[in-house]
Amino acid sequence: MNIRTILAQRATQAIIKAGLPADTNPALTPSTRANFGDYQINAAMGAAKKLKTNPRELGQKLIDCLEVDDLAAKVELAGPGFINIHLKPQWLAGNLEVALKDDKLSVSEHAEPQIVVVDYSAPNLAKEMHVGHLRSTIIGDSVVRALEFRGDKVIRQNHMGDWGTQFGMLLAHLSDKLAANEIAETALSDLENFYRESKKRFDDEDGFADRARAYVVKLQGGDDHCLKLWQQFIDISITHSEEVYDRLKVTLTRDDIMGESAYNHDLAQVITELKEQKLAVEDQGAQVIFLDELADKKGNPSVFIVQKSGGGYLYSTTDLAACRHRSFTLKSDRIIIFTDARQALHFKQVQIAARKGGFLREETAYQHCPFGMMMGADGKPFKTRSGDTIKLANLLEEAVERAEKLIEARENDLSEQQRKEIALKLGMGAVKFADLSKSRTSDYIFSWDSMLSFDGATAPYLQYAYTRTRSIFRKAELDPTTLTGTIEVNADAEKALAIKLLQFEEVLDQMVSECTPHVLCGYLFELASLFMSFYEACPILKDDVAPATRNSRLMISQLVSRTLATGLDLLGIEVMEKM
């Protein structure tokens with residue numbers, strides 16, 4: 001159910017019927033004020049400018065051709081040519097009833113489902129996940145969930161950093177640890193410390209750097225011993241990531257890992273094809289693609305290096321091979337990649353080079369979705385007081401501890417086990433919502449106090465709103481799934497809430513199209529706020545409420561409950577029956 005789509009279709013029909021240019025934009029928007037109706041069609045202004053005619057006269061002509069009697073109580077012309085549409089309460093009520101009976105709340109699946117490859121999270125397996133990996137992981141996962149909810153086939157691709165020159169250093173160090181009878185799991189229990197130890201040896205210890213370089217050559221050459229060591233390192237490193245994914249309720253699994261090493265077999269062929277097409281040319285010993293499409297103001301083309309002067313490969317080579325695999329082998333209709341904004345130029349270069357080199361089919365859309373940084377209160381990238389990178393596992397642990405203290409400070413009758421379960425959901429939800437609710441492309445300030453607040457647009461507020469809906473049915477001693485009957489939309493608070501409920505699909509449309517979870521976050525906050533207003537203005541369980549009205553308001557509350565739970569689930573945030 002998508003009100004915007006229905007009205008846009010009716011407006012388009014009216015545009016054609018009125019003889020306006022077929023490409024006239026209906027310019028349909030939700031009204032910002034109740035006295036301007038529920039939706040506005042603003043097509044007359046744009047069309048009148050093109051046709052050099054009076055927009056108000058054009059607006060009236062559109063109204064005369066607009067067929068919305070079944071859903072609109074009133075259509076009026078306002079201002080210079082705005083068309084205000086007031087929706088019928090009965091029409092809204094009928095659609096609420098349909099949504100309540102539907103497993104997916106009347107959210108339709110895409111008419112033409114796509115195969116969508118989504119590249120997200122992508123930690124470096126040489127180190128533990130840190131706060132810099134949070135945004136890619138949870139933004140990507142929420143978009144993936146929403147795409148699947150709309151019926152697309154999603155192929156998750158966790159492009160882990162599991163290859164490269166640093167692994168020679170790490171494998172040499174691991175080899176020495178194992179030779180000293182240490183167990184691999186013990187040696188790698190702290191990846192950060194292991195990395196620091198190996199780096200110090202690389203910088204300071206005579207002969208170690210040469211051994212490390214020799215390991216790189218052996219690894220890239222397929223040496224059995226090196227590959228065995230490498231696999232041990234990878235397996236244990238992945239376990240660290242899985243612990244974070246499990247805590248965050250992220251849907252990535254081992255089956256979704258498609259690390260840099262997966263493309264190693266294709267890199268030489270990528271270079272060969274680029275050279276054969278004369279796209280890649282030698283420059284100072286390296287293989288380079290000069291991209292005129294990204295030339296600077298002086299006309300100098302952008303330089304995209306695809307092979308080092310020594311013959312080594314780069315991220316650029318791997319990403320071109322990934323394009324080929326995702327477009328041709330996986331037959332994707334759309335590729336979405338989530339990384340921080342600092343990599344925007346790189347992926348623009350990849351996209352152009354891949355198109356020119358034939359590594360992307362014409363029908364495969366390529367969408368790099370950059371995101372901003374998580375900042376500390378000082379406006380600088382979020383780090384520890386000593387300036388070290390914060391491990392993501394430590395951040396999540398602190399979130400749970402803070403949430404538990406918050407629950408203990410509030411009056412409740414929860415058992416210790418219930419408090420721990422709620423603290424986990426509350427802490428993880430707070431961290432995720434604080435991030436997801438910010439515009440993807442913006443930096444944001446990390447603040448424990450604001451994210452764990454029960455006021456404002458936070459996960460605790462929304463989780464509490466959900467528990468409020470559940471408490472209504474506990475007080476009524478009623479199973480909400482057994483509700484039947486008709487819904488009435490009479491009061492202003494009921495109508496506002498009804499319209500918001502029926503806007504769920506159009507919000508999801510925007511979210512999956514633009515890869516912007518903050519749109520869904522904003523919608524859920526508005527829905528919860530409207531429910532609180534409805535709860536205050538429209539009594540449900542009071543003795544003087546007529547049975548039919550009581551039943552109707554219970555049905556509306558159940559639909560709010562399910563929409564909040566579904567929306568939060570798409571964000572990867574859990575709800576609870578009690579708080």
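Bear in mind the structure is a predicted one, so any value in this text is a computation, not a measurement.
- Shown here are the ring pair (Phe, Tyr, Trp, His ring centres under 6.0 Å) partners of H240, two or more places apart in sequence or in another chain: there are none.
- With sequence neighbours excluded, no residue satisfies salt bridge (Lys or Arg N to Asp or Glu O under 4.0 Å) with K153.
- In this structure, a donor-acceptor pair under 3.5 Å is absent between the side chains of S316 and Q349.
- Residue pairs meeting the side-chain hydrogen bond (donor to acceptor under 3.5 Å, both in side chains) criterion with at least one member in residues 365-381, sequence neighbours excluded: R334-Q367, T339-H368.
- For K177, the salt bridge (Lys or Arg N to Asp or Glu O under 4.0 Å) partners at least two apart in sequence or on another chain are E182, E197.
- For K275, the side chain to side chain contact (heavy atoms under 4.5 Å, CB included) test picks out I271, A280, Q287, with sequence neighbours left out.
- Shown here are the salt bridge (Lys or Arg N to Asp or Glu O under 4.0 Å) partners of R254, two or more places apart in sequence or in another chain: D235, E242.
- A salt bridge does not link D255 to R156: none of the charged nitrogens lies less than 4.0 Å from a carboxylate oxygen.
- Taking S261 as the reference, D162 meet the side chain to side chain donor-acceptor pair (under 3.5 Å) condition, with sequence neighbours excluded.
- A salt bridge does not link K228 to D224: none of the charged side-chain nitrogens sits closer than 4.0 Å to a carboxylate oxygen.
- In the model, Q417 has a side-chain atom that pairs as donor or acceptor with a side-chain atom of E421 under 3.5 Å.
- Between the side chains of Y195 and N124, no donor-acceptor pair of N or O atoms lies under 3.5 Å.
- By the side chain to side chain contact (heavy atoms under 4.5 Å, CB included) test, D266 pairs with Q269, V270, A321, R324, sequence neighbours left out.
- Residue pairs meeting the salt bridge (charged side-chain N to carboxylate O under 4.0 Å, His left out) criterion with at least one member in residues 292-308, sequence neighbours excluded: E293-K356.
- F504 is linked by a ring pair (Phe, Tyr, Trp, His ring centres under 6.0 Å) to Y523, counting only residues two or more places apart in sequence or in another chain.
- More than 12 heavy atoms of other shown residues, nucleotides or ligands fall within 6.0 angstrom of atom CZ in F454.
- A search for side chain to side chain donor-acceptor pair (under 3.5 Å) contacts involving E109 returns K104, not counting sequence neighbours.
- For Y461, the ring pair (Phe, Tyr, Trp, His ring centres under 6.0 Å) partners are F525, not counting sequence neighbours.
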